[in-house]
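Comments concern the structure below.
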Amino acid sequence: MTIGHDILQNYSIPVTDSFTYTELGKPYIYNSWLSSVVFWLLRDPTYAILLRGALAITFCGLIWRCCRVVGAGIRLTAILVLLVVLIGASGWAMRPQLFSLPLFGLALLSILHWQRGNTNWAWLLPAITLAWVNLHGAFPILFLLAGAALVGGQGNRKVLAITLILSLVASLCNPLGIDVWHYVFEMLTHAATQRLGPEWLPPSMAQNWRVKLFFLWLLVFPIITAQSACKLTLIHWLWFLGFGLMALSGLRYVMWFGAVFAPINAILLAPLANKTIDKRVTLGASTLNGVIFTAFIFAPLAFLPETRKVWMLNPPPTYSKNTPIAAVEWLKLHPDLPGNLWADLAMSAYLINALPERPVWIDTRTNLFSMEHWNNYLYITRGVYNWETLLERDEIKLLLLDPSEQSLLINALKESSYWSSPYQDEHSIIFTKNPRKVHT
């Protein structure tokens, strides 16, 4: 969001880091510049929530259409879309990746229409690429999707080949040009990103129930395939194998796999569902349906941050409880405190926007920092033997910590005579370094 503000203020996209004092001036690629601008323009929590809802609903609507296009009935489609939402719920966070979801859904729907002989839909791919490459770095997924269609699809390959070439040209229509591809490959090979980012690690049965549901869906698929009266074509197997391998290699790819997997299952299950759950589907009275539809659309609006304050006695806070709002306000009142600031990683993301006058030591951009830097963060946050040396090396005299995340470090600081805590609330604690007395 802060990047979006800087872009609009300076009419240029930053090319170096300006948010940390440890990597100040280091070249950095801000690929999702358009997302940042949108986030800044819609920075009000109400608008941000509406944007998030609109993107999620659009994605679900497009996957719904994908399932319907391949022949699934209403009830089967509803079940499959629900599965996609559930297994991919970890990807619904408010960040640039959220823009990729409806773009992926539209690309998938376009190729499914192309597969059925409607070549006009294929011409949407260059426009989708143009938007995608400026919103988020996941745009190469479109080429995997369409490339598999070119190899194993049954539509007009000449048209698809032309649109793919145009899409490749469109991918260069961004402020970075061809370097945007280099950025993507760098992210995929950056050691700290791949090792420390939970979403980049392979899914495991030891994780949450959504991952277990993903594996269950995979295990049931061979049974569905064997019992179905329909047979998948090469394009569907290429999608299943390609996106399946991606999903098994990294948790962040599970939602892409789910989006592709839904219409594949729709093809296989449609004959059976049309004889059972979708055999007789009554739509009911149009007036009653209209009332129910309106209620589903407008009921969530009553829970928006500003609206719920009107009718709820104790409305939930707009920001998460561990957001250091009060602590940051205290820091603003004490600009005279000397030294650099070291803060909890999650808090750093908030500080960049709320307290720009104090650069941070580290933030959530994993590819900006070396593995050594990340290891030092872990040493400090765990209060291991060399934590004071690391703080002194970077002239850190001010700490903003989360008691639930840095309990070991907090205990070490309290035992040290060189540190004191002038501020503490339920979710934040600030330490300042005491001036050392010089003995003569």
Query raised in the report: Would W132 and S100 count as having a side-chain donor-acceptor pair, cut-off 3.5 Å?
Result: yes

Query raised in the report: Any chance the side chains of N367 and Y28 put a donor and an acceptor closer than 3.5 Å?
Result: yes

Requested in this report: Going by the ring pair (Phe, Tyr, Trp, His ring centres under 6.0 Å) test, name the single residue among Y377, Y379, W419, Y21 that passes it with W342.
Outcome: Y377

Query raised in the report: Are T389 and N386 linked by a side-chain donor-acceptor pair shorter than 3.5 Å?
Result: no

Query raised in the report: Parallel under 30°, tilted from 30 to 60°, perpendicular over 60°: which one fits the rings of F240 and F257?
Result: tilted

Query - Donor on one side chain, acceptor on other, N322 and S320, under 3.5 Å - result: yes

Query raised in the report: Considering residues, nucleotides and ligands other than E186, do more than 12 of their heavy atoms fall under 6.0 Å from its CD?
Result: yes

Query raised in the report: Judged by atom type as modelled, is there a donor-acceptor pair below 3.5 Å linking the side chain of K433 to the main-chain atoms of E392?
Result: no

Query raised in the report: So, does R308 use its side chain to make a donor-acceptor pair with the main chain of P316 at under 3.5 Å?
Result: yes

Query - Polar side chain donor-acceptor pair, E306 to T46, under 3.5 angstrom - result: no

Query raised in the report: Just checking, is any N or O donor in the side chain of W33 or N134 under 3.5 Å from an acceptor N or O on the other one?
Result: yes

Requested in this report: Please state whether the rings of F19 and Y30 are parallel, tilted or perpendicular, taking 30° and 60° as the class boundaries.
Outcome: perpendicular

Query raised in the report: Are W330 and Y423 close enough that their ring centers fall under 6.0 Å?
Result: yes

Query raised in the report: Going by atom types only, do H136 and S32 share a side-chain donor-acceptor pair under 3.5 Å?
Result: no

Query raised in the report: What heavy-atom pair brings A72 and L76 nearest, and what distance separates the two atoms?
Result: CB-CD2, 3.9 Å

Query raised in the report: Under 3.5 Å, is there a donor-acceptor pair between the side chain of N174 and the main chain of S171?
Result: yes

Report summary line: All heavy atoms of I430 vs all of S421, minimum pair found to be O-OG, 3.0 Å

Query raised in the report: So do the side chains of T225 and W237 get within less than 4.5 Å of each other, counting heavy atoms only?
Result: yes

Query - Sidechain-backbone polar pair: K212 side chain, Q207 backbone, donor-acceptor under 3.5 Å - result: yes

Query raised in the report: Just how far is it from atom CH2 of W361 to atom OG of S348, taken to the nearest 0.5 Å?
Result: 9.5 Å

Report task. For S228 and I224, indicate whether the former's side chain and the latter's backbone hold a donor-acceptor pair under 3.5 Å. Result -> no

Query raised in the report: Salt-bridged, E388 to K397, with N to O below 4.0 Å?
Result: no

**Report entry** Stepwise side-chain contact (heavy atoms from CB on, under 4.5 Å) check, F303 with I49
**Finding:** CA-CA 10 Å; F303 294 90; I49 292 172; over 6 Å; no

Requested in this report: Report yes or no: does K332 contribute a side-chain atom to a donor-acceptor pair with the main-chain N or O of L355 at less than 3.5 Å?
Outcome: no

Query raised in the report: How about Q97 and R252: does a side-chain donor come under 3.5 Å of a side-chain acceptor?
Result: yes

Query raised in the report: Are any non-hydrogen side-chain atoms of L135 and L103 less than 4.5 angstrom apart?
Result: yes

Report task. Ignoring hydrogens and angles, tell me if any N or O in the side chain of Q194 forms a donor-acceptor pair with the backbone of M187 under 3.5 Å. Result -> yes

